[in-house]
Amino acid sequence: MIERLLNSIFGGRSPTIARYDVLGIPVRVENTRPDIKTEDVVARLDRALTLIRDFVPHHFRHLQRDFDHMIVKRFACRGAYFHEQRACLVELTFSVNPDFSDAEVAATILHEAMHARLHVLGFPLEMEDRARQERFCRGAEIEFGRLVPEGERVLARAQWTSELSDEEVAPEIDAQLAARRIAEVDRAALGIRR
């Protein structure tokens, strides 16, 4: 199904898959967008991880142990933690969008690192506990936003989202709807008519 979706979006072109090591963390970039330079993605990850390492080193040490690897690809949100793979996902277009700062990308990685920390510590992954876990992750973002230069937007978003209702702070995602929306955005960005 994924292969058919990618073919419909990109006219049969396969994603470019590249592997890197960024500050000791294995990274796989699945670049399905010819308008995005993989080198820019890796440079942004390097800057973001450096901010985490320099401003919240205790979290960076855990992140290094808790993540097996990182993946950058198109996805329905800024970031995700795949517990089966112990992998942190950073969304491809978000990772290079100049409207977001290095600190904002770092905050997303840090947020997913907190999910990884909870997973390693044995916390359940069931949805009924997700709101509490999301607020825990936002707490790390708040800490980071207070310390990092230009962290105001990180701090504001983390504080705002941590105050949402349980349903809003940990919403369920419709995967099919998300995939359709991603396909529409990518087709528009690449000038592909359907």
Side-chain angles (χ1 to χ4, degrees), residues 19-29 40-73 75-127 129-164 166 168-171 173:
R19 298 180 191 288
Y20 298 86
D21 181 281
V22 180
L23 298 184
I25 300 166
V27 175
R28 184 177 78 227
V29 179
D40 293 343
V41 172
V42 175
R44 175 64 80 102
L45 286 183
D46 184 71
R47 292 190 308 270
L49 287 167
T50 297
L51 288 174
I52 297 169
R53 183 195 66 199
D54 292 351
F55 290 93
V56 284
H58 53 292
H59 290 311
F60 185 77
R61 287 189 298 274
H62 286 298
L63 173 156
Q64 287 180 296
R65 290 190 300 263
D66 296 343
F67 289 161
D68 177 71
H69 63 284
M70 294 179 69
I71 304 165
V72 182
K73 66 179 184 177
F75 203 68
C77 58
R78 292 180 179 193
Y81 174 65
F82 300 132
H83 67 276
E84 306 88 9
Q85 303 169 17
R86 292 184 36 238
C88 171
L89 174 129
V90 178
E91 203 285 325
L92 178 70
T93 60
F94 168 67
S95 73
V96 295
N97 188 331
D99 292 339
F100 298 105
S101 69
D102 291 346
E104 289 173 287
V105 173
T108 294
I109 296 168
L110 179 60
H111 180 102
E112 302 312 327
M114 296 299 98
H115 282 298
R117 180 93 296 248
L118 290 171
H119 177 241
V120 167
L121 293 174
F123 282 79
L125 300 170
E126 291 80 29
M127 281 306 289
D129 193 41
R130 296 290 292 169
R132 188 170 65 124
Q133 291 184 27
E134 284 299 317
R135 288 187 179 94
F136 171 80
C137 298
R138 296 294 182 201
E141 291 182 63
I142 290 168
E143 173 191 3
F144 179 68
R146 288 180 175 147
L147 296 170
V148 71
E150 300 179 6
E152 297 82 13
R153 285 172 58 179
V154 169
L155 186 58
R157 182 175 189 267
Q159 288 175 327
W160 172 74
T161 55
S162 65
E163 296 169 2
L164 295 173
D166 287 358
E168 293 171 315
V169 78
I173 305 296

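For clarity, every value in this text was computed on a predicted model and none was experimentally measured.
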message = Give me the atom names and distance for the closest heavy-atom approach of I71 to A87.
response = CD1-CB, 3.9 Å
Determine all donor-acceptor pairs shorter than 3.5 Å in which one atom belongs to a side chain in residues 112-125; sequence neighbours excluded.
from: E112; atom 1: OE1; to: Y81; atom 2: N; distance (Å): 3.1
from: H115; atom 1: NE2; to: H111; atom 2: NE2; distance (Å): 3.2
from: H115; atom 1: NE2; to: E134; atom 2: OE2; distance (Å): 2.8
from: R117; atom 1: NE; to: H62; atom 2: ND1; distance (Å): 3.4
from: R117; atom 1: NE; to: D66; atom 2: OD2; distance (Å): 2.7
from: R117; atom 1: NH1; to: H62; atom 2: ND1; distance (Å): 3.4
from: R117; atom 1: NH2; to: D66; atom 2: OD1; distance (Å): 2.9
from: R117; atom 1: NH2; to: D66; atom 2: OD2; distance (Å): 3.2
from: H119; atom 1: ND1; to: Y81; atom 2: OH; distance (Å): 3.2

key: Distance (rounded to the nearest 0.5 Å) between C137 SG and R130 CZ   = 7.5 Å
key: side-chain contact (heavy atoms from CB on, under 4.5 Å) assessment of R138 paired with Q159   = CA-CA 7 Å; R138 296 294 182 201; Q159 288 175 327; over 6 Å; no
S95 versus V90, closest heavy-atom pair with distance = CB-CG1, 4.0 Å
Approximate separation, where rounding is to 0.5 Å, of I109 CD1 and L63 CG = 7.5 Å
request  = Could you please spell out the steps behind the side-chain contact (heavy atoms from CB on, under 4.5 Å) verdict for T108 and E91?
outcome  = CA-CA 10 Å; T108 294; E91 203 285 325; over 6 Å; no
ask   = Which atom names give the shortest non-hydrogen contact between D21 and G24, and what distance separates them?
value = OD1-N, 3.0 Å
note = The reported gap from CZ in F60 to OG1 in T50 (rounded to nearest 0.5 angstrom) is 7.5 Å
Spatial distance of atom CZ (R28) from atom NE2 (H69) [nearest 0.5 Å] = 5.0 Å
query = Do you know which two heavy atoms are closest between V148 and A103, and how far apart they sit?
reply = CG1-CB, 4.0 Å
ask   = Measuring from D102:CG to L45:CG, what's the distance to the nearest 0.5 Å?
value = 10.0 Å
request  = Test L23 against I52 for side-chain contact (heavy atoms from CB on, under 4.5 Å), laying out the working first.
outcome  = CA-CA 11 Å; L23 298 184; I52 297 169; over 6 Å; no
Nearest heavy atoms of V72 and L92, plus distance in Å = CG1-CA, 3.7 Å
query = Are L89 and K73 side-chain neighbours, meaning at least one heavy-atom pair lies under 4.5 Å?
reply = yes
ask   = Can you tell me how far the CD atom of E141 sits from the CZ atom of R157, to the nearest 0.5 Å?
value = 6.5 Å
request  = Without swapping roles, check the side chain of R44 against the backbone of S101 for a donor-acceptor pair under 3.5 Å.
outcome  = yes
query = Any side-chain heavy atom of F94 sitting closer than 4.5 Å to one from C77?
reply = no
inquiry  = I'd like to check L147 versus V56 (side-chain heavy atoms, cut-off strictly below 4.5 Å). Are they in contact?
reply    = yes
Minimum-distance pair of heavy atoms, taken over all atoms of L110 and F144 = CD2-CB, 3.5 Å
T93/N97 under side-chain contact (heavy atoms from CB on, under 4.5 Å): CA gap, chis, key distance, verdict = CA-CA 6 Å; T93 60; N97 188 331; 6.0 Å; no
inquiry  = Is it the case that atom CD in E150 sees more than 12 heavy atoms from other parts of the structure closer than 6.0 Å?
reply    = no
